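Computed from a prediction, not measured in an experiment: that's the story for all the values here. Along the sequence shown, the residues carry numbers beginning at 1.
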Amino acid sequence: MCGIAAIVSHQAVNQELYDALMVLQHRGQDAAGIVTCEKERLHLRKENGLARDVFTNAQMLKLRGNMGIAHVRYPTAGCTSSEEAQPFYVNSPFGLTLAHNGNLTNTEELKKALFVEDQRHINTDSDSEVLLNVFAHELQSLGKLHLSVDDVFQAVTGVHRRCRGAYAVVIMIAGFGILGFRDPHGIRPVVFGERKTDKGPEFMIASESVALDVLGFDLIRDIEPGEAVFIEESGILHTRQCSKVTDHCPCIFEYVYFARPDSIIDDISVYKARLRMGEKLAEKVLRIWPDHDIDVIIPIPDTSRTAALQMANMLGVKYREGFIKNRYIGRTFIMPGQKMREKSVRQKLNAIGLEFEGKNVLLVDDSVVRGTTSAQIIQMARDAGAKKVYFASAAPPVRYPNVYGIDMPAAHELIAHNLTENEIGVAIGADRLIYQDLDDLIDAVRKGNPDIKHFDTSCFSNQYITGDIDDAYLEYTEALRNDTAQTERNSEKLIIEMQNSG
């Protein structure tokens, strides 16, 4: 999962792109990057780390120009090399830079075609670099000395024809403008907005609407599945549908966990969706456990607060904040490597003993993925004096890998993959475990926009909407992306970097 942003303005964009990354930091904590365009000269800064650490004052001053794109990275494949920080750049044709959120599912096939047929070289393991080179080839194959907006949209059509999977993309063409587009399924989110000034309109594209809000842009709408938006450097906006076939199927996990609650994605308020998840969970408790003995409901901060509060209201049970969060520790779910995730839990949360002592506590979390974090938190509640510890998940059991840009790649690392719900409860140490039903989750989200007929629920249902995922592909991604492979790959990268620096 990553965060992307792009701005075309009548003034310098470096500070506003940085501000956008700060707002989108929750979508990726591994690396950050900004590239700006000053006339036809590109200025790039990218590196591993949080946005606040990557950009110094001196580096920010070098990012001159009135348009630019930005990216925060969370490595789906777990590789933390700075070489794979974005934006990516190719000089031919015209000078292109790209920032991408999502995951292509036919990367290896595309790599071969790019090398053999298109004669383009890929220098990293990133599917984002592949995507950039596909677009570059489609643009170059038009054989134009001077670009038109129609040429740009035609190149996007070529990308849709060749690429499969999930992608929300911004591309800057040096001296010409900024392009944003979304895959024909609309799996990953991306919106665009406008800000009126005395010098004319300014435009912004971002993963989430909250980035537009913070910078004073009015949300126009989401980029539609298969659609492209192009903003000329002068501030003229163009939109076009570039895919003949579309099937809107946004990722439901955005609403469960990834997106900020103050964002609106595909006309659905994330906050309202999470309220309804809490309502559905409360209804299930009343249905299957009407004589419950819950004394207090405590959320596992921060994502589950909204659902937990609504559960408490509907069940007539006290709501309390029982864990204090250290905000300087990253989100454990998106940390690469199991040992790093485990180590960070105790550093991240501390229990308030008075809220647990002698009570039957229902802990509410947004989801249970690997289960190790849940087990540690349940033990923390017991250590704080809880009499009984129940656990509720606002999402159904995560049983299957996600291949569209979320780090759930290795099935054997998912606690629910081969266990029943009762067995999962025992494994994490809960006295009782309650999962959201998938139909209830879908209803809770869809109520915000009934026009969306279905969602990507592959990690719950094993139904992969792109239709190109088989057992061989899942075995390949598991071998590539499991925690052991990630650790080995990162160790090799570190050794190489140390040798180069020596």
Distance-minimising heavy-atom pair for Asp151 and His146: OD2-O, 3.9 Å

Flag for Asp150-Ser148: side-chain donor and acceptor within less than 3.5 Å: no

Backbone of Met60 reached by a side-chain donor or acceptor of Asn14 within 3.5 Å: yes

Side chain proximity check, Ile442 to Phe455, heavy atoms < 4.5 angstrom: yes

Donor on one side chain, acceptor on other, His121 and Asn133, under 3.5 Å: no

Any side-chain donor near an acceptor of the partner, Tyr271 and Ser263, under 3.5 Å: no

Lys/Arg-Asp/Glu bridge criterion (N-O < 4.0 Å) met for Glu227, Arg221: yes

Over 12 foreign heavy atoms within 6.0 Å of CD, Gln11: yes

Worked verdict on His26 versus Glu208 for side-chain hydrogen bond (donor to acceptor under 3.5 Å, both in side chains): CA-CA 11 Å; His26 62 284; Glu208 296 184 33; 2.8 Å; yes

Minimum heavy-atom distance Glu254-Arg274, with the two atoms named: O-NH2, 3.6 Å

Nearest-0.5 Å distance that lies between atom CE in Met1 and atom CG in Leu24: 12.0 Å

Any donor-acceptor N/O pair, Asp118 side chain to Arg120 backbone, under 3.5 Å: no

Heavy-atom side-chain proximity of Lys46 to Ile34 below 4.5 angstrom: no

Minimal non-hydrogen separation, Leu21 against Ala70, with atom names: CD2-CB, 3.6 Å

Check against side-chain hydrogen bond (donor to acceptor under 3.5 Å, both in side chains), His137 and Gln119: CA-CA 9 Å; His137 175 77; Gln119 298 180 322; over 6 Å; no

Note, Lys447 side chain near Arg276 side chain (heavy atom, < 4.5 Å): yes

Donor-acceptor contact below 3.5 Å, side chain Asn101 vs main chain Gly3: no

Distance in Å, Ile220 CD1 paired with Glu194 CD, rounded so as to fall on 0.5 Å steps: 5.0 Å

Electrostatic pair Asp183-Arg188, nearest N-O below 4.0 angstrom: no

Tyr255 vs Ile265, side-chain contact (heavy atoms from CB on, under 4.5 Å): CA-CA, chis, key distance, verdict: CA-CA 8 Å; Tyr255 303 93; Ile265 297 175; 3.4 Å; yes

Residues Glu129, Lys111: salt bridge by 4.0 Å N-O rule: no

Cys459 versus Phe253, closest heavy-atom pair with distance: SG-CD1, 4.1 Å

Sidechain-backbone polar pair: His71 side chain, His100 backbone, donor-acceptor under 3.5 Å: yes

Salt-bridge present (Asp19, Arg52; N to O < 4.0 Å): no

Expected output: side-chain Gln25 to main-chain Ala51 donor-acceptor under 3.5 Å: yes

Beyond-backbone contact of Ser458 with Asn402, side-chain heavy atoms, under 4.5 angstrom: yes

pair Leu179-Phe135: side-chain heavy atoms closer than 4.5 Å: yes

Ile252 vs Phe460, side-chain contact (heavy atoms from CB on, under 4.5 Å): CA-CA, chis, key distance, verdict: CA-CA 10 Å; Ile252 206 164; Phe460 309 123; 3.7 Å; yes

Trace of the side-chain hydrogen bond (donor to acceptor under 3.5 Å, both in side chains) decision for Thr157 with Gln154: CA-CA 5 Å; Thr157 299; Gln154 188 173 339; over 6 Å; no

Under 3.5 Å: donor-acceptor pair, side chain of Glu224, backbone of Gln241: no

Donor + acceptor pair across side chains of Tyr167, His160 (<3.5 Å): yes

Least distance between heavy atoms, Pro225 atom then Pro184 atom: CB-O, 3.2 Å

Between Gln463 and His454, a side-chain donor and acceptor under 3.5 Å: no

Check against side-chain contact (heavy atoms from CB on, under 4.5 Å), Asp266 and His248: CA-CA 10 Å; Asp266 289 311; His248 198 184; 3.2 Å; yes

Working for salt bridge (Lys or Arg N to Asp or Glu O under 4.0 Å), residues Asp267 and Lys272: CA-CA 11 Å; Asp267 291 330; Lys272 291 287 190 180; over 6 Å; no

CG/Asp471: more than 12 non-hydrogen atoms of other groups inside 6.0 Å: no

Test: Lys196 cationic atom under 6.0 Å from Phe217 six-membered ring centre, within 45° of axis: no

Full working for salt bridge (Lys or Arg N to Asp or Glu O under 4.0 Å) between Glu138 and Arg161: CA-CA 10 Å; Glu138 292 297 319; Arg161 184 179 64 251; 3.3 Å; yes

Intermediate values then yes/no, salt bridge (Lys or Arg N to Asp or Glu O under 4.0 Å), Arg195 and Glu16: CA-CA 13 Å; Arg195 180 174 62 192; Glu16 291 196 320; 2.8 Å; yes

Short side-chain to backbone donor-acceptor contact, Gln86 and Cys2, under 3.5 Å: no

Nearest-0.5 Å distance that lies between atom CE in Met172 and atom CD1 in Ile178: 5.5 Å

Heavy-atom side-chain proximity of Pro250 to Asp456 below 4.5 angstrom: no

Identified side chain to side chain contact (heavy atoms under 4.5 Å, CB included) partner of Leu17 from the options Leu215, Ile69, Leu63, Thr36: Thr36

Donor-acceptor pair, side chain of Ser207 and main chain of Ile4, under 3.5 angstrom: yes

Donor-acceptor side-chain pairing of Thr124 and Glu83 below 3.5 angstrom: no

Verdict with reasoning, Glu38 to Arg41, per salt bridge (Lys or Arg N to Asp or Glu O under 4.0 Å): CA-CA 5 Å; Glu38 181 186 26; Arg41 178 69 60 88; over 6 Å; no

is_close_aromatic(Phe153, Phe181), centroid dist under 6.0 Å: no

Contact summary for Pro87 and Val35, nearest pair of heavy atoms: CG-CG1, 3.7 Å

N/O donor-acceptor pair under 3.5 Å between His10 side chain and Pro201 backbone: yes

Side chains of Leu237 and Phe230 in contact at under 4.5 Å (non-hydrogen atoms): no

Contact check, side chains of Gln140 and Ser92, non-hydrogen atoms, under 4.5 Å: yes

Flag, side chain of Tyr400 to backbone of Leu414, donor-acceptor distance under 3.5 Å: no

Val152 vs Phe176, side-chain contact (heavy atoms from CB on, under 4.5 Å): CA-CA, chis, key distance, verdict: CA-CA 10 Å; Val152 175; Phe176 189 35; 3.8 Å; yes

